[in-house]
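As the structure lists them, so they are numbered: ligands from 1, and atoms in each ligand from 1.
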Amino acid sequence: MSDQYAVIGNPIGHTKSPLIHRLFAEATGQDLVYAAIEGRPGRFADDVEAFRAAGGRGMNVTAPFKLDAFAFATDRSPRARLAGAANALKFDGERVLAENFDGVGLTRDVVRNLGIGLRGRRVLLLGAGGAARGALLPFLEQGPAELVVANRAPEKAAALADEVRTHGPVRGCGYADLDGQRFDLVFNATSASLRGELPPVPATVFAPGALAYELAYGKGQTPFLRLAQQNGVQRLADGVGMLVEQAAEAFDWWRGVRPETAAVIGQLTVALR
Ligand code: ATR
């Protein structure tokens, strides 16, 4: 029987992960099947145990279960620990290993695929939830001049920044504090786009030549990307590359072979303008 993997989330209907992993498996000749599981609220452990008992080897974990997955694991990678959340699990006998590839996937997409370095640049991260948390350390490892985390509740941004202060120049603030400041890379890691909302970011934050990156994917031109475009930003990206890169990291972790990502990203890309 083929090795079994799955993504678990709720809702899960629109997930692209089964398609991505099927394309990876075909391209690398790996014998595996990959399903989508709608996890039940409050029953995460039961649902994972059932999949494992049926022969599951590993899982991707998406909203709202990333904290449950972290708690469920017996072994947590440093990346998962610093994010406080897991987006991938690997079953190894009785052990359940937790990883978090969201931040490395995002950073790899920006630096390698888009060819935009963070070193010495001013970087703005909007939001202080799970998505923002995962990006902090991989960003700081790139050596930015400054990383600013902005959030509606500024104390959450300040607390996040405090946690990683020893890793580089980072500070948290509210949106109003961004008046008069400009950034070379601006990432929307809020969940605002999922509801078609715009985070209250001043339109003046985009430096000449800036990148505007929406972590959500497949939504076309979100309010955040529209704001960026209306204010002269030409480098626009959504999270499709991040999605495919984190999937490739998980695939490599499970199977020991890293698939090529460019063709898969190309296949899933939708127009942003
Ligand atoms: P995720 O795991 O997707 O990051 P989360 O942990 O619920 O989800 O965090 C959601 C983030 O989006 C938070 O930073 C939230 O800001 P607050 O902490 O101030 O609530 C942010 N967010 C959600 N809707 C937003 C909006 N319309 N404008 C700005 N920020 C928003």
Side-chain angles (χ1 to χ4, degrees), residues 7-12 14-17 39 41-42 44 60-72 79-89 98-107 109 123-139 147-164 170-179 181 183 186-206 212-219 221-228 237-240 242-243 246:
V7 58
I8 184 167
N10 190 332
I12 199 66
H14 293 103
T15 181
K16 299 277 186 237
S17 292
F44 178 78
N60 279 125
V61 181
T62 187
F65 297 121
K66 291 183 184 183
L67 301 181
D68 298 282
F70 182 76
F72 181 76
R79 271 192 295 235
R81 264 186 263 129
L82 276 154
N87 91 320
L89 297 175
E99 258 292 4
N100 192 315
F101 297 119
D102 286 334
V104 281
L106 170 60
T107 307
D109 186 42
V123 179
L124 174 60
L125 185 59
L126 307 177
R133 182 177 270 277
L136 289 178
L137 274 193
F139 278 5
L147 172 59
V148 175
V149 184
N151 199 44
R152 284 187 307 199
E155 65 280 2
K156 262 171 79 180
L160 264 196
D162 269 347
E163 282 185 42
V164 293
V170 55
R171 67 187 165 85
C173 67
Y175 285 97
D177 302 315
L178 299 173
D179 276 336
Q181 297 192 53
F183 297 87
V186 182
F187 295 88
N188 183 16
T190 73
S191 53
S193 312
L194 303 180
R195 290 181 299 277
E197 296 169 7
L198 178 67
V201 58
T204 48
V205 294
F206 304 101
Y213 193 113
E214 173 76 72
L215 270 66
Y217 69 88
K219 303 224 165 284
Q221 196 190 54
T222 62
F224 166 73
L225 291 176
R226 192 171 317 121
L227 176 81
D238 75 357
V240 64
M242 171 186 181
L243 174 75
Q246 67 74 30

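- Taking 4.5 Å as the limit, some side-chain heavy atom of Leu125 sits within range of a side-chain heavy atom of Leu136.
- Checked by atom type and distance alone, the side chain of Gln246 pairs as donor or acceptor with a backbone atom of Leu243 at under 3.5 Å.
- Counting only heavy atoms from C-beta outward, the side chains of Leu225 and Lys219 never approach each other to under 4.5 Å.
- Residue, atom and distance of the protein heavy atom nearest to atom 26 (C) of ligand 1 are Arg152 NH1, 3.2 Å.
- Shown in contact with Ala128 at under 4.0 Å from a heavy atom are these atoms of ligand 1, numbered in order with element: 14 (O).
- Looking only at heavy atoms of the protein, atom 5 (P) of ligand 1 is closest to Gly129 CA, 4.0 Å.
- Looking only at side-chain heavy atoms (C-beta outward), Val164 and Leu137 come within less than 4.5 Å of each other.
- Checked against Thr62 for a side chain to side chain contact (heavy atoms under 4.5 Å, CB included), the options Thr15, Ile12, Asn87 give a single hit: Ile12.
- For atom 7 (O) of ligand 1, the nearest protein heavy atom lies 4.0 Å away or farther.
- Which of Ala85, Ala216, Ser193, Ser191 comes nearest to atom 12 (O) of ligand 1 through a heavy atom is settled by distance: it is Ser191.
- Contact analysis leaves Ala63 out of contact with ligand 1, as no non-hydrogen atom separation drops below 4.0 angstrom.
- A donor-acceptor pair under 3.5 Å links the side-chain atoms of Asp238 to the main chain of Gly218, judged by distance alone.
- Nearest protein neighbour of atom 24 (N) of ligand 1, counting heavy atoms only, is Arg195 NH2, 2.9 Å.
- Of the polar atoms of Gly130, at least one N or O is found under 3.5 Å from an N or O of ligand 1, judged by distance alone.
- With respect to Glu99 and Arg79, a salt bridge is recorded, a charged nitrogen being found less than 4.0 Å from a carboxylate O.
- Polar contact check, Ala131 against ligand 1: a nitrogen or oxygen pair lies under 3.5 Å apart.
- Numbered from 1 in the order shown, with element, the atoms of ligand 1 that lie under 4.0 Å from a heavy atom of Pro200 read 28 (N), 29 (C).
- Considering backbone and side-chain N/O of Ala132, none are found under 3.5 Å from N/O of ligand 1.
- Nearest-heavy-atom check against atom 13 (C) of ligand 1 across Leu126, Asn151, Thr190, Leu194 picks out Asn151.
- When Lys156, Arg133, Glu155 are ranked by how near their heavy atoms come to atom 18 (O) of ligand 1, first place goes to Lys156.
- Only the side chain of Glu197 comes within 4.0 Å of ligand 1, counting heavy atoms alone; its backbone N, CA, C and O stay farther away.
- For Phe139 and Phe187, the gap between ring centers is short of 6.0 Å.
- In this structure, the side chain of Asn188 does not engage the main chain of Tyr213 through any donor-acceptor pair within 3.5 Å.
- For ligand 1, the atoms lying closer than 4.0 Å to a non-hydrogen atom of Gly127 are 14 (O).
- Taking only nitrogen or oxygen atoms, main chain and side chain alike, Leu198 does not reach within less than 3.5 Å of ligand 1.
- Residues Asn10 and Phe65 meet the side-chain proximity criterion, which asks for heavy atoms closer than 4.5 Å.
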